[in-house]
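One structure is given here, and the rest of the page talks about it.
Both ligands and their constituent atoms are indexed starting at 1 by order of listing.
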Amino acid sequence: MTADVTDTKRALRAELRERRRTRTSKQVEEATEGLTRNLVAVAETYGARTIASYLSSPTEPNTRPFLNWAVAGGRRVLLPIGRTDGLLDWTEGDGESETEGLHGVPEAVGEILGPIAINDADLIVVPASAVDGRGIRMGWGRGYFDRTLGSMERCPPVFALVYDDEILDEVPREVHDAPVDGAVTPTRIVRFTH
Ligand SMILES: Nc1nc2c(c(=O)[nH]1)N(C=O)[C@@H](CNc1ccc(C(=O)N[C@@H](CCC(=O)O)C(=O)O)cc1)CN2
Ligand SMILES: Nc1ncnc2c1ncn2[C@@H]1O[C@H](COP(=O)(O)OP(=O)(O)OP(=O)(O)O)[C@@H](O)[C@H]1O
């Protein structure tokens, strides 16, 4: 990868991270209702029975009401566990037990399913620091989801969960960055064409 893109991404991530840190818990709370409604609408559109998502940290858009809705409706929810080799294991979330994972983010506790468990998903909701109008997504710089999505044979719809001001005009793209199909924000469901 070129030094240019790496540096640009790093600087942009730092800015986006800072913006998330300065969002008040009241703002995060106010965003939750809309983004939950939008996530539910996306899951219903695809009739998703197995959903891969993640447990949000306090600064991230809140995934928990959506996960609770999915579990209550008898859907299978797969939640990621970061591995030191850069891959993600998965476990079935029941919304009950959690612990702090490798990078300080919450992780579900349960039977460890290997990286290929993601192949069962009918819908994948991924974390992101930003996406652009082409669906190019930037994460938090560890490549977990790039690697995970890049390894899938048949990829179901992938939606990034971001705040409205994290949909940018342009996100720097590298070869391994596969575009996502859409983004969910507190006010919008955006679909990208590529
Ligand atoms: N909630 C959550 N779970 C997740 C991720 C994630 O981004 N969020 N991951 C995604 O790959 C994987 C774990 N890897 C991670 C890698 C880096 C950072 C990270 O650098 N986070 C920022 C803070 C982001 C925020 O809280 O808004 C940081 O530490 O500054 C987090 C998780 C799997 N589970
Ligand atoms: N498919 C892949 N195979 C191997 N390495 C990869 C792959 N995708 C990304 N990487 C590596 O992971 C690191 C982070 O990549 P990048 O900056 O694109 O992360 P990101 O989009 O923020 O991460 P994430 O996917 O975790 O949200 C880079 O060093 C990159 O080379």
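Nearest protein heavy-atom contact of atom 23 (C) of ligand 1 is R17 NE, 4.2 Å. In terms of protein heavy atoms, atom 24 (C) of ligand 1 is closest to W140 CE2, 3.7 Å. Taking atom 34 (N) of ligand 1 as the reference point, the nearest protein heavy-atom neighbour is P80 CG, 3.7 Å. E60 OE1, 3.4 Å is the protein heavy atom nearest to atom 2 (C) of ligand 1.
The backbone N or O of T63 sits nowhere less than 3.5 Å from a side-chain atom of Y54 that would complete a donor-acceptor pair. In this structure, R147 contributes its side chain and G86 its backbone to a donor-acceptor pair below 3.5 Å.
Ligand 2 is approached by G143 to a heavy-atom distance shorter than 4.0 Å. Within the structure, the closest approach of S56 to ligand 1 falls below 4.0 Å when heavy atoms are considered. Under a 4.0 Å heavy-atom criterion, E107 is not in contact with ligand 1. Heavy atoms of G82 come nearer than 4.0 angstrom to ligand 1 in no pair at all.
One hydrophobic cluster, built from ILVMFWY side chains closer than 4.5 Å, cannot hold both W140 and L12; they sit in different ones. In the hydrophobic clustering of this structure, V40 groups with V71; members are Ile, Leu, Val, Met, Phe, Trp, Tyr whose side-chain heavy atoms approach within less than 4.5 Å, directly or through other members.
Here is the list of ligand 1 atoms found below 4.0 Å of a heavy atom in R20: 27 (O). Taking a cut-off of under 4.0 Å to the non-hydrogen atoms of S57, the atoms of ligand 1 that pass are 1 (N), 26 (O). Of all atoms in ligand 1, numbered sequentially from 1 with element shown, those under 4.0 Å from a heavy atom of R21 are 30 (O). Close approach of ligand 1 to F145 is summarised as follows: ligand atoms under 4.0 Å from at least one heavy atom of the residue are 9 (N), 10 (C), 11 (O). Contact atoms of ligand 2 toward K9: 16 (P), 17 (O), 18 (O) (distance under 4.0 Å to a heavy atom of the residue). Atoms of ligand 2 found under 4.0 Å from any heavy atom of D177, numbered from 1 in the order shown, are 18 (O). Near F145, the atoms of ligand 2 lying under 4.0 angstrom from a non-hydrogen atom of the residue are 24 (P), 25 (O), 26 (O). Counting the atoms of ligand 1 from 1 in the order shown, those under 4.0 Å from a heavy atom of R142 are 16 (C), 17 (C). Each of the following atoms of ligand 2 lies closer than 4.0 Å to a heavy atom of R147: 1 (N), 2 (C), 3 (N), 4 (C), 5 (N), 6 (C), 7 (C), 10 (N), 11 (C), 12 (O).
Looking at P127 next to ligand 2, no N or O pair under 3.5 Å apart turns up. Among the atoms of H103, none of the N or O lies under 3.5 angstrom from an N or O of ligand 1. For a threshold of 3.5 Å applied to N or O pairs, the pair formed by L55 and ligand 1 contains at least one separation below that value. For the pair T59 and ligand 1, the shortest N or O to N or O distance falls below 3.5 Å. Taking distance alone, with nitrogen or oxygen atoms compared against 3.5 Å, Y144 stays at or beyond that limit from ligand 1.
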| request: Go through R64 and E98 one step at a time and tell me if the salt bridge (Lys or Arg N to Asp or Glu O under 4.0 Å) criterion holds. | output: CA-CA 12 Å; R64 283 141 203 281; E98 61 181 76; 2.7 Å; yes
| request: Check step by step if salt bridge (Lys or Arg N to Asp or Glu O under 4.0 Å) holds for E174 and K9. | output: CA-CA 10 Å; E174 292 172 85; K9 278 192 170 181; 2.6 Å; yes
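Remark: R20 fails to qualify as a cation-pi partner of Y163 under the 6.0 Å distance and 45° angle criteria applied to the six-membered ring. In this structure, R37 forms no cation-pi arrangement with W69, as its terminal cationic atom is not both closer than 6.0 Å to the ring centre and no more than 45° off the ring axis.
For atom 17 (O) of ligand 2, the candidate residues are R137, R10, R173, R13; the nearest heavy-atom contact is made by R13. Considering P61, P127, G139 only, the shortest heavy-atom separation from atom 6 (C) of ligand 1 involves P127. For the residues L161, V105, L16, T63, the heavy atom positioned nearest atom 3 (N) of ligand 1 is part of V105. Within the set E174, H103, H176, M138, the minimum heavy-atom distance to atom 18 (O) of ligand 2 is found for H176. With D146, L149, L88, T6 as candidates, the residue nearest to atom 19 (O) of ligand 2 on a non-hydrogen basis is D146.
In summary, of the residues considered (V125, L123, L149), a side-chain contact (heavy atoms from CB on, under 4.5 Å) with V158 occurs for L149 alone.
At a threshold of 4.0 Å, the pair R49-D122 does not count as salt-bridged, since none of the basic side-chain nitrogens sits closer than that to a carboxylate oxygen. Looking at R137 and D177, no side-chain N of the basic residue comes within less than 4.0 Å of a carboxylate O on the acidic one, giving no salt bridge. A salt bridge links D120 to R76: at least one charged side-chain nitrogen sits closer than 4.0 Å to a carboxylate oxygen. Between E30 and R23 there is no salt bridge, since no side-chain N of the basic residue sits under 4.0 Å from a carboxylate O of the acidic one.
Atom CG of L88 sits about 12.5 Å away from atom OG1 of T91, to the nearest 0.5 Å. Between atom OG of residue S151 and atom CD1 of residue I118 there is a gap of 8.0 Å, rounded to the nearest 0.5 Å.
Within the 4.5 Å cutoff, no side-chain heavy atoms of E60 are placed close to those of L161.
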